[in-house]
A.B. asks: 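Encoded as C-alpha cells, here's the structure I'll be asking about.
Computed over heavy atoms, backbone and side chain alike; hydrogens, waters and symmetry mates excluded. Within every chain, numbering begins at 1; the chains are lettered A, B, ... in the order of the sequence lines, protein sequences first and strands thereafter.
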Amino acid sequence: MGEERQRRRTLLHRLDVRGAPYAFVAPFFIVFAAFSFYPLIYTSWISLHRVELSTLNLMEWVGFDNYTALWDDDRFWNALLNTFTIGVLSTVPQLLMALGLAHLLNYQLRGSTFFRVAALTPYATSVGAAALVFTMLFERDFGMINWVLSLVGVDNIDWENNKWAAQTAISSIVIWRWTGYNALLYLAAMQAIPRDRYEAAAIDGASRWQQFLKVTVPGIRSTIVFTIVLSTIGATQLFGEPLIFGQGPNGITGGADNQYQTLGLLLYEEGWKNYQMGRAATVAWAMFLLLILVFVVQRIVKRVLTRRT
Amino acid sequence: MDKFRSKLRTRVVAAVSVASALGLVVGCGGSDGGTGGGKKDGKVTITMGLFGVMGFKETGLLDKYMKEHPNVVIKADVAGDEQTYYTALQTHLAAGSGLKDIQGIEIGRAKELSDTQKDKFVDLAGVAGTDHFLPWKQSQVTAADKKVIGLGTDIGPMAVCYRKDLFEQAGLPTDRDEVAKLWEGDWSKYVEAGKRFKQDSKDDKVAFMDSSSGLFNAMIYGNSQQFYDKQGKLIYATNPVVKDAWKLASEAATSDLTAKLRQFQPGWDPGLANSTFASTVCPAWMLAHISEKAGPKNKGKWDVAKAPKGANWGGSFLGVMEKSPVKKEAQDLVAWLTAPEQQAYLFEKIGNFPSSQTALEMPEVVNAKSDYFSGAPIGKIFGAAAQEIPDEQVLGRKDGTIKDIFSQGLTLIEAQNKSPNAAWKTTDERIEKAAG
C-alpha cells in the first residue's frame, strides 16, 4: 500500500516537473492560436473567395483571382508607394529627433522626471484624439497652421488635397506621437553607457558633439536597430492617422485622389466600404508577405555586409 | 526630508500622468453582445443607434417618452457621421453583436439592407397605427416579399438656402420670391446666377456655393431613376439624368463658383460660421445643421428660396432588430417616434420634414416659419417641393456608396484640378470596383 502511494507520488512529481512548464506557457499559445493563427488561416481561406461582408455565408470560390486582380490594380501600387513615402517621412525625422531629445534628457537637468513624463504624454494620447486635433490645425481655411503661415506670407495650403502636403501632415501626427516614446527608449540605453567613457573622451578633448557621435551612438546601436524595426512595422500598418485626417468617405479612400491612401486604408476600403471581404483579405495577405519580404531582404543585406567585412 | 519630498514629487508626477493618460483613453470603450437592451426589476431598457441630427435625443422627445412611460429607459448613441455609423452597423450585423434594439437606416442604405439583411430586422408591416406615411416613403424599405424593415422618420425635399447680405453685395435680388425666379425651372440658371454673383461680388473670398456635389445631388434626386433601373441594373453611366448633373456640377466646379468644401466634412462648418459661401442646396433636414453651425451671429442673414425643381435628398427610417430582447417595447417606441404628432414636432423644432401624409397636412407644418432663416415659410416651400418629388423612386443596393464616389469625383475637379473627363473616368472605375 505504501509502495503504491510512493509510486503515485513520483509519477505526480514527474508530471509536475515535465508538464508544468507546458501548462504555464499554454495560455499564451492558446490565445495565440485563437487570435493570431486561426484568423491568419481563415483570412487566407477568405482571400480565395468572392464574399461580401453582409452575406458572409455565401462564398464563391475564385482561386487566386483576387491576387492577380490586386497585382493589376493601380490602387495597390499607389497605396504601397504612399505607405513607403509616409513611412519615410515619419520615421526618419522621428528617430533623429528622438535621438537628439534623448541626448538632451541624458544631461543632468532640473525636473528631469517632468520632462520624461512630458515626452511620453503624446504616446499616451489616443490616435483618434491626436488625429482630430491635427486635422483642425491643418484645416484649409481656418486652421492654425495656415494662419501662422499666412503671417509670413505663405498662401493657404490645401493640406488635404495636395498630395505631399497631406502626407507631410499625416507624418507630423505620427512624429508627434512617437518621438517621445523612442526618446525614452534611447535614454534608457544611454544611461547604461558607463560614465567613464565620457570622462575619458572629455580628457581627450572631445566636444559634446564628438562625444555624442563617438560614444553615445555606438553605445546604443542595438537600441537604434530595435526602434528602426519597430517603426518600420508601425509604418507598414499605418491606418488610424490618415483615416481620421480625411474624415468620412475621404478618410476611407485616403483622399479624393487616393493621395494618402496607405495599405491599411486600402484594406479597410475594400472590406468596409465596398464590403468585399475576399479582396480585403487579399490585401491583408499581401501586407503580410511584404513584411516577410522586407525581413528576408534585410537578412540577406546584413549577411552580405558581414561577409564583406 | 528632502528624499521624502522628491519621492512624493515623483509619485505626484506619476499619478498625474496616469490620470491624464486614463482620461485620454476613456471614451474608446464599446459594448457588445445582445443588443444592449433588456428587462430588469420591472424596468425596460431600450437602446438606439442613431446618426446625424435625427432630433429624437436633441429635442427631448426621448425624455418625453420616458416621462410618459416611467418603466422605460432609453439609451441612444448618436454618431455624427452616417458613413462611419453605417460601416459600424454593417460590421455589427455581420458579427451578430454590438447591435442596438433600434437602428437608424439612411435612405441610401435602405435597399441594401432590405435586400441582404432583412432577416435581421423585425417586420413592421402590421404595427398598428402606422398607415399614415407617404406611399413612396414606405415602399423604400419594403422588401420584395412585402416585409417592412423600418418606419419612416423624415424626408428631404430640397430648396436653396442663401445669404441675403452676400447676395445683396453682389447685386443679386434678396427677396426669396425674386431669388427663386432667378433659377425657376432649370438648375443651369442657378449656375448662371452663380456666374453673375462671381462677376459682381465685392468680396472675392466669398464663393457662390459650398460644393458642386450638393448641386449634383439635387439634380439627380429629382428623378425617379438615378444610378439603378428597376431591375437593379447599374445605369449611371448611360442615364442622361446623371450625365446632365455631372456636366453642370463640373461646370460650376471649373468656373470657380464653389468654395471647394465637402458637405459635413471639416471646413464646411467653419465655412458656415465664417460666411465663405453664399448659398447651398439644402434639404429640409439641413436647416438645423446650418442654424447650429452658422451660429446666432448669422441669424436673419439666411433665407430659403424654392429650388428650380423638386427633389428628395435623404431621409431616414428606424428599424427594430430581430435579436432584441425587448422587440415589442422597441416597436412601440418606433411607432411613437414616427407618429404624425412627433414628426410635426420635430419639423417645428429642427426642420426635419415629415414623411407622414397626416403630419404634412397638420397646420403646424403647413404654416411653419423659420425664425433663423428670416421667417421663411419653410412649411410651404418644402411642402411644395415634396409635391414635386416623383411618386416612384428607384433605389439601388449601393446608392450611398455611389453617391460618395461621385462627390469625390467632383472634388477631383474642384480641388485637384483634374479635367472633368479624367475625373469621370476615375469615378466610373471606382463605381465598377465598389458596385460592379
A.B. asks: Side chain from CB out, backbone as N, CA, C, O: work out which of these in A/Tyr268 comes under 4.5 Å of a heavy atom of chain B, or both, or neither.
C.D. replies: side chain
A.B. asks: Testing the basics here: between B/Ala435 and B/Ile402, what is the closest heavy-atom pair and its distance to 0.1 Å?
C.D. replies: CB-CD1, 4.4 Å
A.B. asks: May I ask you to list the residues in residues 142-170 of chain A that approach chain B closer than 4.5 angstrom, counting heavy atoms only, ordered by number?
C.D. replies: A/Phe142, A/Asp158, A/Glu160, A/Asn161
A.B. asks: Report, by ascending residue number, the residues of residues 36-51 of chain A in heavy-atom contact with chain B at a distance under 4.5 Å; give 'none' if the set is empty.
C.D. replies: A/Arg50
A.B. asks: So, are A/Asp257 and B/Lys418 salt-bridged, with charged N and O less than 4.0 Å apart?
C.D. replies: yes
A.B. asks: Does any heavy atom of chain B fall under 4.5 Å from the side chain of A/Asp73, the backbone, both, or neither of them?
C.D. replies: side chain
A.B. asks: Does a side chain donor of either A/Thr253 or A/Glu269 reach within less than 3.5 Å of an acceptor in the other side chain?
C.D. replies: no
A.B. asks: Should we count CZ of A/Phe115 as having more than 12 external heavy atoms under 6.0 Å?
C.D. replies: no
A.B. asks: Which atoms of B/Gln90 come close to chain A, meaning under 4.5 Å heavy atom to heavy atom: side chain ones, backbone ones, both, or neither?
C.D. replies: both
A.B. asks: Does anything in residues 132-143 of chain A pair up under side-chain hydrogen bond (donor to acceptor under 3.5 Å, both in side chains), and if so which pairs, sequence neighbours excluded?
C.D. replies: none
A.B. asks: Examine whether an atom of A/Glu270 lies under 4.5 Å from a heavy atom of chain B, and if so say whether it belongs to the side chain, the backbone or both; otherwise answer neither.
C.D. replies: neither
A.B. asks: For the residue pair A/Asn182 / A/Gln94, report whether a side-chain donor-acceptor contact shorter than 3.5 Å exists.
C.D. replies: yes
A.B. asks: Salt bridge check, A/Glu52 against B/Arg397: does any charged N sit closer than 4.0 Å to a carboxylate O?
C.D. replies: yes
A.B. asks: So does B/Glu322 get a backbone contact from the side chain of B/Lys120, meaning a donor-acceptor N/O pair under 3.5 Å?
C.D. replies: no
A.B. asks: Taking A/Asn57, A/Leu56, A/Asn250 one by one, which has the highest count of heavy-atom pairs under 4.5 Å against chain B?
C.D. replies: A/Asn250
A.B. asks: Identify whether the distance between the nearest side-chain nitrogen and carboxylate oxygen of B/Arg262 and B/Asp210 falls below 4.0 Å.
C.D. replies: no
A.B. asks: Using non-hydrogen atoms only, which part of A/Leu120 is less than 4.5 Å away from chain B: side chain, backbone, both, or neither?
C.D. replies: neither
A.B. asks: What do you reckon, is CH2 of A/Trp77 surrounded by more than 12 foreign heavy atoms closer than 6.0 Å?
C.D. replies: yes
A.B. asks: Taking the six-membered ring for Trp and the single ring otherwise, decide whether the centroids of B/Trp268 and B/Phe264 are under 6.0 Å apart.
C.D. replies: yes
A.B. asks: Check B/Asp203 with B/Lys205, please: is the shortest side-chain N to carboxylate O separation under 4.0 Å?
C.D. replies: no
A.B. asks: Between B/Thr91, B/Leu410, B/Leu93, B/Thr276, which has the largest tally of heavy atom pairs under 4.5 Å with chain A?
C.D. replies: B/Thr91
A.B. asks: Contact part of A/Leu53 toward chain B, heavy-atom cut-off under 4.5 Å: side chain, backbone, both or neither?
C.D. replies: both
A.B. asks: Using side-chain contact (heavy atoms from CB on, under 4.5 Å), reason through B/Phe406 and B/Arg430 one step at a time and then give a plain yes or no.
C.D. replies: CA-CA 9 Å; B/Phe406 268 111; B/Arg430 283 180 183 163; over 6 Å; no
A.B. asks: Taking atom types as modelled, is there a side-chain donor on B/Gln103 or B/Tyr85 under 3.5 Å from an acceptor on the other?
C.D. replies: yes
A.B. asks: Identify which part of B/Gln83 has an atom lying under 4.5 Å from any heavy atom of chain A, answering side chain, backbone, both or neither.
C.D. replies: side chain
A.B. asks: Identify which part of A/Tyr123 has an atom lying under 4.5 Å from any heavy atom of chain B, answering side chain, backbone, both or neither.
C.D. replies: neither
A.B. asks: Between B/Glu429 and B/Lys433 (salt bridge meaning N to carboxylate O under 4.0 Å), is one present in this structure?
C.D. replies: no
A.B. asks: Decide yes or no on side-chain contact (heavy atoms from CB on, under 4.5 Å) for B/Tyr228 and B/Leu234, but give the supporting numbers first.
C.D. replies: CA-CA 5 Å; B/Tyr228 289 85; B/Leu234 271 173; 3.6 Å; yes
A.B. asks: Looking at B/Asn274, B/Asp115, B/Thr116, which one has more heavy-atom pairs under 4.5 Å with chain A than the rest?
C.D. replies: B/Asn274
A.B. asks: Would you check if there is a donor-acceptor pair between the side chains of B/Arg163 and B/Ser275 at a distance under 3.5 Å?
C.D. replies: yes
A.B. asks: Taking heavy atoms only and a threshold strictly under 4.5 Å, list by residue number the residues of residues 104-113 of chain B that touch chain A; give 'none' if the list is empty.
C.D. replies: B/Glu112
A.B. asks: Ignoring hydrogens and angles, state whether a donor on the side chain of B/Tyr236 or B/Asp428 is under 3.5 Å from an acceptor on the partner side chain.
C.D. replies: yes
A.B. asks: Okay, side chain of A/Thr85, backbone of A/Asn82: is any donor-acceptor separation there less than 3.5 Å?
C.D. replies: yes
A.B. asks: Counting heavy-atom pairs closer than 4.5 Å to chain A, which one of B/Gly80, B/Ala88, B/Gly409, B/Ala94 comes out on top?
C.D. replies: B/Ala94
